[in-house]
Q: 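Sending over a structure as structure tokens; questions will come in a sec.
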Amino acid sequence: MGHDRYDVIIVGAGPAGSSAAKICADHNLSVALIEKGRFPGSKNMFGDTIYRAATEEIIPGFWEEAPIERKVIRETLYFMEADSFVEMGFTSFKFAKPPYNTFTVIRSRFDRWLAGLTEKAGAHLMNSTLVEDILFEKDGPGSKKVGGVILEDGTRIYSDIVILAEGAMADLAQEIGLRKKISTDILSVYVKELIALPREIIEDRFNLEKDEGMNIGMVGFPTAGAIGKAGIWLNKDTISLIVGGHLNHLIKNGLNPYQLLCRLKEHPAVKRLIDGGETVQYMGKIIPKGGYDRIPELYDNGIMIVGDAGMLVSGRHGTDAAMLSGKYAAETAIQAKAKGDFSKKTLSAYQTKINYSFFLNNLKINRKSSDYYKKYPDADFLISKTLNKLVYEFFTEGNLTQEEKFKMMLEKVKSIQPIFKSLKDFYHAVLNWRIY
Ligand SMILES: Cc1cc2nc3c(=O)[nH]c(=O)nc-3n(C[C@H](O)[C@H](O)[C@H](O)COP(=O)(O)OP(=O)(O)OC[C@H]3O[C@@H](n4cnc5c(N)ncnc54)[C@H](O)[C@@H]3O)c2cc1C
């Protein structure tokens with residue numbers, strides 16, 4: 001049964017919130033984990049990959065019990081043109097064995113399972129419950145501290161610490177001024193279609209053994225010149241097809257993601273992969289992709305922000321940062337409880353942990369890449385065009401000497417853009433292989 005005071009209230013039962021809740025509850029803190037969805041993950045959409053290394057920091061050996069769809073053994077990137085594609089990829093059969101590398105999951109199953117573990121650890125999970133507001137209390141002269149939350153029905157619940165794990169739109173973090181209002185120039189929009197096919201057909205079609213999985217990243221053709229990406233992920237008996245991009249840029253180019261999805265399904269490379277499949281679900285999501293420069297201050301008196309709510313996401317690398325930031329916030333809450341001090345100063349330990357994390361450092365590095373795409377929005381489009389022209393000529397049999405052929409190939413490449421720019425585009429496409 002719930003009560004009206006907890007050590008920690010966590011808003012949002014996504015990977016960030018549930019990770020924080022589990023660790024706090026494991027350490028005997030009283031925890032309310034509040035989720036607006038009918039159940040955790042009921043509305044969550046993503047690109048289906050979770051990362052073993054980060055997930056294991058919360059639940060060692062999680063794959064034994066977690067609702068895993070497939071163990072990913074192959075990562076592929078398609079540089080696409082309308083009637084051809086150049087493929088880069090890697091398969092490791094080591095990734096098919098423990099401890100594995102990455103997995104595909106369906107969020108409505110995975111998030112629900114993870115939140116279930118927090119309940120087993122003693123947290124109080126409240127589904128179908130929207131947190132409407134943050135409660136403040138006086139904390140000495142001129143100073144205030146977060147002291148709990150107000151629910152949609154007006155119920156007040158109090159706590160020493162609130163952890164905001166409310167995901168990318170972060171209404172509450174914005175409301176209390178910890179995060180800036182979202183501007184449209186940082187919004188991306190993605191649509192996803194889930195296509196059902198018998199498991200054996202999927203494995204046969206993608207050349208996989210039972211339970212093995214793969215991902216395909218797609219650039220060039222799918223976004224018709226706009227900044228964005230597409231991808232295919234394999235679940236047990238469904239294929240996820242995702243496409244989308246930078247909102248302003250799509251609008252500027254007169255594109256909408258649903259049209260892009262329909263167009264992509266007709267591409268011969270994709271059509272044959274999903275042939276005979278039945279559409280079982282459509283989902284869409286708008287995400288603010290602020291990058292390193294938009295990361296807000298992640299803590300204040302009595303409050304910490306974790307996961308996407310704190311902009312700790314670089315596209316497809318999101319669940320790992322979410323889970324680890326949840327862990328760091330939980331560790332900080334446990335220390336604060338032991339000291340009986342929930343001030344900003346004590347909670348700054350959370351920021352220190354984040355500052356040393358690999359994901360923050362990666363976000364810092366990726367900043368250069370986002371600048372590159374802002375400067376050259378059609379970089380992926382041009383490199384796809386270039387590579388396809390080059391490889392087409394390479395494999396097309398004509399009555400040319402090798403010397404004539406290479407000269408012709410060079411001319412073709414130069415006719416699109418200077419070679420040095422193509423090399424830079426290629427570098428950025430590979431660097432951003434997994435970043436959405
Ligand atoms: C197209 C796309 C593809 C992606 N692909 C990948 C991928 O392959 N791998 C990866 O690791 N990441 C991927 N990501 C990113 C990943 O989805 C996020 O980084 C991750 O879900 C963040 O977890 P979170 O717990 O911070 O937030 P969320 O998962 O968004 O969870 C937030 C939760 O809070 C709840 N909530 C919100 N407000 C309230 C409120 N006021 N009261 C109560 N509950 C509330 C929501 O219902 C939700 O359950 C992708 C994202 C997109 C959009």
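Every number for a ligand or one of its atoms is a count from 1 in the order of the listing. Index from 1, following the sequence.
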Q: Would Phe85 and Tyr78 count as a close aromatic pair, with their ring centres under 6.0 Å?
A: yes
Q: Answer yes or no: is there a donor N or O on one side and an acceptor on the other, between the side chain of Arg70 and the main chain of Glu212, under 3.5 Å?
A: yes
Q: Below the 3.5 angstrom mark, is there an N/O of Ile242, backbone or side chain, next to an N/O of ligand 1?
A: no
Q: Taking Asp185 first and then Arg294, would you say they form a salt bridge - that is, a charged N and a carboxylate O separated by under 4.0 Å?
A: yes
Q: Can you sort out which atoms of ligand 1 are near Asp48, meaning under 4.0 Å from one of its heavy atoms?
A: 8 (O)
Q: Return yes or no for this condition: an N or O of Asp308 is under 3.5 Å from an N or O of ligand 1.
A: yes
Q: Short N/O distance, under 3.5 Å, between Gly37 and ligand 1?
A: no
Q: Is it the side chain, the backbone, both or neither of Asp171 that has a heavy atom closer than 4.0 Å to ligand 1?
A: neither
Q: Would you say Lys180 has more than 12 foreign heavy atoms packed within less than 6.0 Å of its NZ?
A: no
Q: Please say whether more than 12 non-hydrogen atoms of neighbouring residues, nucleotides or ligands are located less than 6.0 Å from CZ in Arg5.
A: yes
Q: Suppose I only count heavy atoms of Thr129 and a 4.0 Å limit; which atoms of ligand 1 are within that range?
A: 42 (N), 43 (C)
Q: Tell me, please: is Val11 in heavy-atom contact with ligand 1, that is, under 4.0 Å?
A: yes
Q: May I ask you to list the atoms of ligand 1 that are less than 4.0 angstrom from any heavy atom of Ile34?
A: 43 (C), 44 (N)
Q: Within the distance-only criterion (no hydrogens, no angle test), does the side chain of Ser370 pair as donor or acceptor with the backbone N or O of Asn366 below 3.5 angstrom?
A: yes
Q: Does any N or O in the side chain of Tyr350 come within less than 3.5 Å of the main-chain N or O of Ile305, such that one atom is a donor and the other an acceptor?
A: yes
Q: May I ask you to check whether Phe46 has an N/O atom sitting below 3.5 Å from an N/O atom of ligand 1?
A: no
Q: Are any of the N/O atoms on Lys36, whether in the backbone or the side chain, positioned under 3.5 angstrom from an N/O atom of ligand 1?
A: yes
Q: Under 3.5 Å between some N or O of ligand 1 and some N or O of Trp233?
A: no
Q: Using a 3.5 Å cut-off on N or O atoms only, is Asp111 in polar contact with ligand 1?
A: no
Q: For ligand 1, which is the ligand I care about here, please tell me if Val131 has any N or O atom under 3.5 Å from one of the ligand's N or O atoms.
A: yes
Q: Do other residues, nucleotides or ligands put more than 12 heavy atoms under 6.0 Å from Phe381 CZ?
A: no
Q: With heavy atoms only and a cut-off of under 4.0 Å, state how Asn44 meets ligand 1: side chain, backbone, both or neither.
A: side chain
Q: Looking at Thr49, Thr238, Thr104, which hits side-chain hydrogen bond (donor to acceptor under 3.5 Å, both in side chains) with Trp233?
A: Thr49
Q: As an exercise, identify every atom of ligand 1 less than 4.0 angstrom from a heavy atom of Ala322.
A: 22 (C), 23 (O), 26 (O)
Q: Show me which atoms of ligand 1 lie under 4.0 Å from any heavy atom of Tyr51.
A: 9 (N), 10 (C), 11 (O)
Q: With no hydrogens and no angle check, is any side-chain donor or acceptor of Arg272 less than 3.5 Å from a backbone partner on Pro268?
A: yes
Q: Below the 3.5 angstrom mark, is there an N/O of Gly17, backbone or side chain, next to an N/O of ligand 1?
A: no
Q: Hey, which atoms in ligand 1 end up nearer than 4.0 Å to a heavy atom of Met45?
A: 1 (C)
Q: Of the options Ile163, Leu164, Ile161, Leu172, which is the one that meets Ile303 in a side chain to side chain contact (heavy atoms under 4.5 Å, CB included)?
A: Leu164
Q: Using a 4.0 Å cut-off to any heavy atom of Gly307, which atoms of ligand 1 qualify?
A: 26 (O)
Q: Heavy atoms only: which of Ala165, Pro15, Ser325, Gly14 lies closest to atom 23 (O) of ligand 1?
A: Pro15
Q: Hey, are Lys181 and Glu175 close enough for a salt bridge, meaning a charged N less than 4.0 Å from a carboxylate O?
A: no
Q: Does Glu69 use its side chain to pair, donor to acceptor, with the backbone of Lys236 at less than 3.5 Å?
A: yes
Q: Is any N or O atom of Thr319, backbone or side chain, closer than 3.5 Å to an N or O atom of ligand 1?
A: yes
Q: Could you establish whether Asn215 and ligand 1 come within less than 4.0 Å of each other, counting only heavy atoms on the residue side?
A: no
Q: If the plane angle is over 60° it's perpendicular, under 30° parallel, otherwise tilted; pick one for Tyr282 and Tyr258.
A: perpendicular
Q: Do Glu137 and Lys144 meet the salt-bridge criterion of a basic N to acidic O distance under 4.0 Å?
A: no
Q: Could you list which atoms of ligand 1 come closer than 4.0 Å to a heavy atom of Val313?
A: 19 (O)
Q: Does at least one non-hydrogen atom of Glu35 fall below 4.0 angstrom from an atom of ligand 1?
A: yes
Q: Considering only heavy atoms, does Arg107 approach ligand 1 within less than 4.0 Å through its side chain, its backbone, both, or neither?
A: side chain
